[in-house]
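All values below were derived from every heavy atom in this structure, side-chain atoms included, with hydrogens, water molecules and symmetry-related copies excluded.
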Amino acid sequence: MKIVGLMSGTSYDGVDVVAAEFGRDGETLTLRPLGHRSLDYPDDLRAEIGALLPPAATTIEAVCRLDNRLGEVFAEAAAAGVELAGGVVDAVVSPGQTVFHWVEAGRVRGTLQLGAPARVAARVGVPVLHDLRSADVAAGGQGAPLVPAFDALLLDAAAGPRAALNLGGIANLTVVAPGAPVLGYDVGPANALLDAAARRFLDRPCDTDGARAAAGRVHEGLLALLLAEPYYAASPPKSTGKELFHAGYLDDRLAALGAPVAADDVLATLTELTARTVADACDRHGVTEVIAAGGGVRNPTLRARLAALGAGRWRLRTTDELGVPAQAKEAYAFALLGWLSWHGLPGALPSVTGASRAAVLGSWTPAGPPFAATPAPAPRRLVVTP
């Protein structure tokens, strides 16, 4: 079965697209990567997304316009995925762009992703799985993270406590260990605050290669303010996003210092924040190996700091060594969730999300797996019987 997986994360810098071929041999599922691409969002689309995200105010008109514009972008990405697969696929997984994750007192009340899946289905002509988080939320879960289902199958728990780390806008961790349920949660910001600082101080979307952070020094006062965030002390299950870690959040902490901080020092401090919170989480779970993926692995300054903090306790690797491109891992994970949903299998792990039951994820457009069969002849009339 061939599936195209799409992914647009909290950094909203573009959409990753992959094509994967799945096969099954008893209890073993095989994944053959068929290729991946990244399609960058134009600057005006990124600005449109940013203008809609909390804490900004918005309108239903703006939501509708963005939903359909994103649908057109995802449709283009899905078509690229079909090309990667050789021209024929069975399904597309398009989880959409998260614009709000409604959390109150640690409980997720709802979640919203945009991306007009009907536009994707119309473009590629196969069923499209979307809205992957709501079923888990309805079952009392966080609706995130969902990638641990992929990690749990990929990593061998028998090899000892190991962690899969994703460094996107948010850093999230999956922990597998012998005889223990899979654990996974959002640790805190990875690129979210770093990118906000780059836009604020450098007028750039990011600090390329962490160069400016490497030139700066950690500001201990700012770091202490950032580490005082209550989210870090909360116990899992937990999830977060830019509804908490946004540009205004950083501005408030800088203002609380009462003295200016050099741009390079801000970036160095935010890099240390990510490395420190991730390393603390890895140490807490006693892992011996951390396998990283996501955009943050391209930041040598962040990677070097993580490796230094883990030295002597855990080794840092990337998913490339396991055959999964680090920049495309989440898109491959969503392709897997599509395979699971197609076969009526749950994709969310209650031990991760806190849900009362394991939910089959997503909604299908146009109609999902039944369309794989030959459709029945269209009826010509309707008769109502007693």
Would you say [X] and [Y] are hydrophobically clustered, going by side-chain heavy atoms of ILVMFWY under 4.5 Å?
| X | Y | result |
| --- | --- | --- |
| L112 | V108 | no |
| V99 | L6 | yes |
| W102 | V63 | no |

Heavy-atom distance under 4.5 Å between the side chains of [X] and [Y], does that happen here?
| X | Y | answer |
| --- | --- | --- |
| M1 | W339 | yes |
| T111 | F100 | no |
| R69 | F74 | no |
| I291 | L155 | yes |
| P55 | H246 | yes |

Under 4.0 Å between a side-chain nitrogen and a carboxylate oxygen: does that hold for [X] and [Y]?
| X | Y | value |
| --- | --- | --- |
| R315 | E289 | yes |
| D283 | R313 | yes |
| E76 | R123 | yes |
| R37 | D16 | no |
| E48 | R65 | no |

To the nearest 0.5 angstrom, please state how far the [atom1] atom of [X] sits from the [atom2] atom of [Y].
| X | Y | atom1 | atom2 | value |
| --- | --- | --- | --- | --- |
| E220 | D265 | CD | CG | 11.0 Å |
| N191 | L302 | CG | CG | 7.5 Å |
| N172 | N166 | CG | CG | 5.0 Å |
| L114 | L52 | CG | CG | 6.5 Å |
| L361 | L345 | CG | CG | 11.0 Å |

Is it true that the side chains of [X] and [Y] contain a donor and an acceptor less than 3.5 Å apart?
| X | Y | value |
| --- | --- | --- |
| Q113 | T98 | yes |
| D186 | S239 | no |
| S134 | D131 | yes |
| T318 | D320 | yes |

Residue of the set P237, P145, P181, P236 for which side chain to side chain contact (heavy atoms under 4.5 Å, CB included) holds with V352: P145
Exceeds 12 heavy-atom contacts within 6.0 angstrom, atom CG of D252: yes
Whether over 12 other heavy atoms sit under 6.0 Å from R217 CZ: no
Residue pair S94, H130: steps toward the side-chain hydrogen bond (donor to acceptor under 3.5 Å, both in side chains) verdict: CA-CA 5 Å; S94 184; H130 57 98; over 6 Å; no
Keeping the roles fixed (side chain from [X], backbone from [Y]), state whether a donor-acceptor pair exists under 3.5 Å.
| X | Y | result |
| --- | --- | --- |
| T353 | G141 | no |
| T174 | A163 | no |
| N299 | G295 | no |
| E243 | G241 | yes |
| D156 | A158 | yes |
| E229 | Y231 | yes |

Worked check of salt bridge (Lys or Arg N to Asp or Glu O under 4.0 Å) between E21 and K2: CA-CA 4 Å; E21 185 172 21; K2 292 183 179 181; 5.2 Å; no
Trace of the salt bridge (Lys or Arg N to Asp or Glu O under 4.0 Å) decision for D207 with R212: CA-CA 6 Å; D207 175 20; R212 297 291 293 268; 6.0 Å; no
Criterion salt bridge (Lys or Arg N to Asp or Glu O under 4.0 Å) on D195 and K242, from CA distance to verdict: CA-CA 12 Å; D195 291 350; K242 286 192 174 177; 5.7 Å; no
Ring-face cation of R46 near Y12 (centre distance under 6.0 Å, axis angle within 45°): yes
R253 NZ/CZ over Y249 ring centroid, <6.0 Å and within 45° of normal: yes
Centroid separation Y185 to H285 less than 6.0 Å: yes
